[in-house]
There are 2 protein chains.
Amino acid sequence: MKWTDLTNEGCSVARTMSVLGDRWTLLILRDTLFGIRRFDDIQKRLKITRHVLSDRLKRLETHGLLERKPYQERPTRYEYHPTQAARDFVPVMQAMTAWAQTHLPTEKSEPYRFLDRETRHPTNPKVIDANTGAEITSKSIWVEANRSSSN
Amino acid sequence: MKWTDLTNEGCSVARTMSVLGDRWTLLILRDTLFGIRRFDDIQKRLKITRHVLSDRLKRLETHGLLERKPYQERPTRYEYHPTQAARDFVPVMQAMTAWAQTHLPTEKSEPYRFLDRETRHPTNPKVIDANTGAEITSKSIWVEANRSSSN
DNA sequence: CCAGTAGGTTCTGTTTTAGAACTCACTTTT
DNA sequence: AAAAGTGAGTTCTAAAACAGAACCTACTGG
């Protein structure tokens, strides 16, 4: 199976990968969420090859995660703005960040922080089950095959 | 910058990618979490080339996400068991699954479901800020640069 | 001895990526 | 007016990664 054939999988993790799983894609999305939205700015920060950046921005746009909006005329130049779908990925990124801080520690400091918009305190993300209110951990859940086909 | 140089980034999302961001890695990890732990079983389910599977299992092992345990003698054969670090990634995967169900809908059914271990009901994952108890959404948070270097 | 099984490795050709150079459409400086 | 600069790409070449098939190894069971 080819990586590019993942689009139609039933598994949500697989479909997420088909959209966000290419090299650099998630880091580019993160930058746009953090306010870095112009081609050269993203390229300088990530120091990735322009060719790949161009490709990823196009894909993210066609998948509805980024929107290309003009920010000046003559010559017309565009910025890449995250859509609601992209913004809704922020909680996932926060959960991921919390995981990495525990399991892939480093001395370097986090370049960005997520703060509560009201209190301005750093958030302490946890994933809960909204049905019970309890935190979801590896112990609290059970995984069940959903009798069905592939992936 | 090369993809393989991501290991030492300050950004947690980047470090997560350095461990889980290669093609197929997350899907392989998901399978082991769902109980599919033997080489041929994983290969048949994902239908990926054996060469890549072999490489990913090794990487996941060296990064401490999988543990290779013998399950029979003569000939000795091994299974790949998720470690605590891997199991701690389950909430992230659940948040990701919830995101994809909203933003990348499909008619196909989810091949696996996460259930609450007690009630046996499907979970409804939400990311909250443990400081305030409030759900984290794109509206509830603010992102701040943490005056510091790259990534 | 032969076939079968599980878990890899090796091989070949195709894609993807990395890095540098180049293009294009303008604006600003000299 | 010519030259230099800016921002956003595209194009090029070489290196690395991937896809798929074939092969190898260490056994078991008939």
Side-chain angles (χ1 to χ4, degrees), chain A residues 1-7 9 14 17-28 31-32 35-63 66-81 150-151, chain B residues 1-7 9 14 17-28 31-32 35-63 66-81 150-151:
Chain A
M1 171 172 252
K2 274 181 284 181
W3 180 250
T4 43
D5 298 343
L6 237 47
T7 331
E9 292 296 332
M17 288 300 101
S18 82
V19 170
L20 297 174
D22 290 318
R23 278 189 181 183
W24 305 110
T25 300
L26 200 57
L27 301 181
I28 292 165
D31 274 8
T32 66
I36 300 165
R37 295 180 179 162
R38 298 181 184 177
F39 193 94
D40 275 25
D41 291 342
I42 301 173
Q43 195 276 323
K44 274 171 201 134
R45 243 191 52 75
L46 288 176
K47 293 184 277 300
I48 63 177
T49 191
R50 310 172 72 78
H51 174 223
V52 169
L53 176 55
S54 173
D55 175 78
R56 297 304 187 265
L57 290 170
K58 273 176 202 141
R59 280 177 201 276
L60 283 167
E61 200 193 343
T62 58
H63 284 118
L66 293 180
E67 222 175 333
R68 197 155 160 271
K69 292 184 181 171
Y71 69 90
Q72 71 163 41
E73 298 296 325
R74 297 214 305 286
T76 313
R77 299 203 190 291
Y78 298 89
E79 304 182 307
Y80 296 89
H81 285 260
S150 62
N151 244 2
Chain B
M1 170 171 247
K2 272 180 287 181
W3 180 251
T4 43
D5 298 343
L6 237 47
T7 332
E9 292 296 332
M17 288 300 101
S18 82
V19 170
L20 298 174
D22 289 317
R23 278 186 181 185
W24 305 109
T25 300
L26 201 57
L27 302 182
I28 292 165
D31 274 8
T32 67
I36 300 165
R37 295 180 180 161
R38 298 182 185 176
F39 194 94
D40 275 25
D41 291 342
I42 302 173
Q43 196 275 323
K44 274 171 203 136
R45 242 192 51 77
L46 288 177
K47 291 185 279 298
I48 63 177
T49 191
R50 309 171 73 79
H51 172 225
V52 168
L53 175 56
S54 173
D55 174 79
R56 297 303 186 269
L57 290 170
K58 273 177 201 141
R59 280 176 201 276
L60 283 168
E61 199 192 344
T62 59
H63 284 119
L66 293 180
E67 222 175 333
R68 196 155 161 272
K69 291 185 181 170
Y71 70 89
Q72 72 164 42
E73 298 297 322
R74 295 213 304 283
T76 314
R77 300 204 191 288
Y78 299 89
E79 302 180 311
Y80 296 88
H81 285 260
S150 62
N151 245 1

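Partners of B:Asp5 by salt bridge (charged side-chain N to carboxylate O under 4.0 Å, His left out), not counting sequence neighbours: none found. Looking at residues two or more places apart in sequence or on another chain, you find a side-chain contact (heavy atoms from CB on, under 4.5 Å) between B:Arg59 and B:Asp22, B:Asp55, B:Arg56, B:His63. Looking at residues two or more places apart in sequence or on another chain, you find a side-chain contact (heavy atoms from CB on, under 4.5 Å) between B:Glu79 and B:Arg37, B:Arg38, B:Tyr71, B:His81. With sequence neighbours excluded, the residues that form a side-chain contact (heavy atoms from CB on, under 4.5 Å) with B:Phe39 are B:Arg50, B:Leu53, B:Ser54, B:Leu57. Taking the salt bridge (charged side-chain N to carboxylate O under 4.0 Å, His left out) definition, one finds that B:Asp41 meets it with nothing, sequence neighbours left out. In this view, B:Thr76 and B:Pro70, B:Glu73, B:Tyr78 satisfy the side-chain contact (heavy atoms from CB on, under 4.5 Å) rule, not counting sequence neighbours.
No side-chain heavy atom of A:Thr32 sits less than 4.5 Å from a side-chain heavy atom of A:Leu60. Side-chain contact between A:Val52 and A:Arg23 is absent, with no heavy atoms from C-beta onward closer than 4.5 Å. Contact of the B:Val19 side chain with the B:Leu6 side chain is not registered, since no non-hydrogen atoms from C-beta on lie closer than 4.5 Å.
Comparing A:Arg23 and A:Arg38 by the nucleotide of DNA chain D that holds the closest heavy atom to each, the one mapping nearer the 5' end is A:Arg38. Looking at which nucleotide of DNA chain D each of A:Asp5 and A:Gln72 is closest to, the 5′-most match is held by A:Gln72. In terms of position on DNA chain C, the residue among A:Arg59 and B:Asp41 whose nearest nucleotide sits closer to the 5' end is B:Asp41.
Distance CE (A:Met1) to C1' (D:dA19): 12 Å, rounded to an integer number of Å. In this entry the distance linking CG of A:Asp40 with C1' of D:dG7 reads 5 Å, nearest Å. Regarding B:Asp22, its CG atom lies at a distance of 12 Å from the C1' atom of D:dA16, rounded to whole Å. Atom CG in A:Asp55 sits about 13 Å away from atom P in D:dT11, given to the nearest Å. D:dG7 atom P lies 15 Å from atom CD1 of A:Ile36, rounded to whole Å. Going from atom CH2 of B:Trp3 over to atom C1' of D:dA16 covers 15 Å, rounded to whole Å. Rounded to whole Å, the distance from CG on A:Leu53 to P on D:dT10 is 10 Å.
Within 4.0 Å of A:Lys58, counting heavy atoms only, lie sugar-phosphate atoms of the nucleic acid but no base atom.
Among D:dA17, D:dA19, D:dG9, the nucleotide with an atom closest to any side-chain atom of B:Thr4 is D:dA17.
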Mind listing the N/O atom pairs, protein and nucleotides 21-30 of chain D, below 3.5 Å?
from	atom 1	to	atom 2	distance (Å)
D:dC27	O3'	B:Arg74	O	3.3

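Here the range on DNA chain C touched by chain A, meaning any atom under 4.0 Å from one of its heavy atoms, is C:dT17 to C:dT27.
Taking five base pairs at each end of the helix from C:dC1-D:dG30 to C:dT30-D:dA1, the local helix axes there meet at an angle of 10°, rounded to 10°.
Using modelled atom types, one side-chain atom of B:Gln43 and one backbone atom of B:Ile48 make a donor-acceptor pair closer than 3.5 Å.
With rounding to the nearest 0.5 angstrom, the CG atom of A:Leu27 is 7.0 Å from the CE atom of B:Met17.
Closest non-hydrogen pair, B:Trp24 versus A:Met1, comes out as CZ2-O, 3.7 Å.
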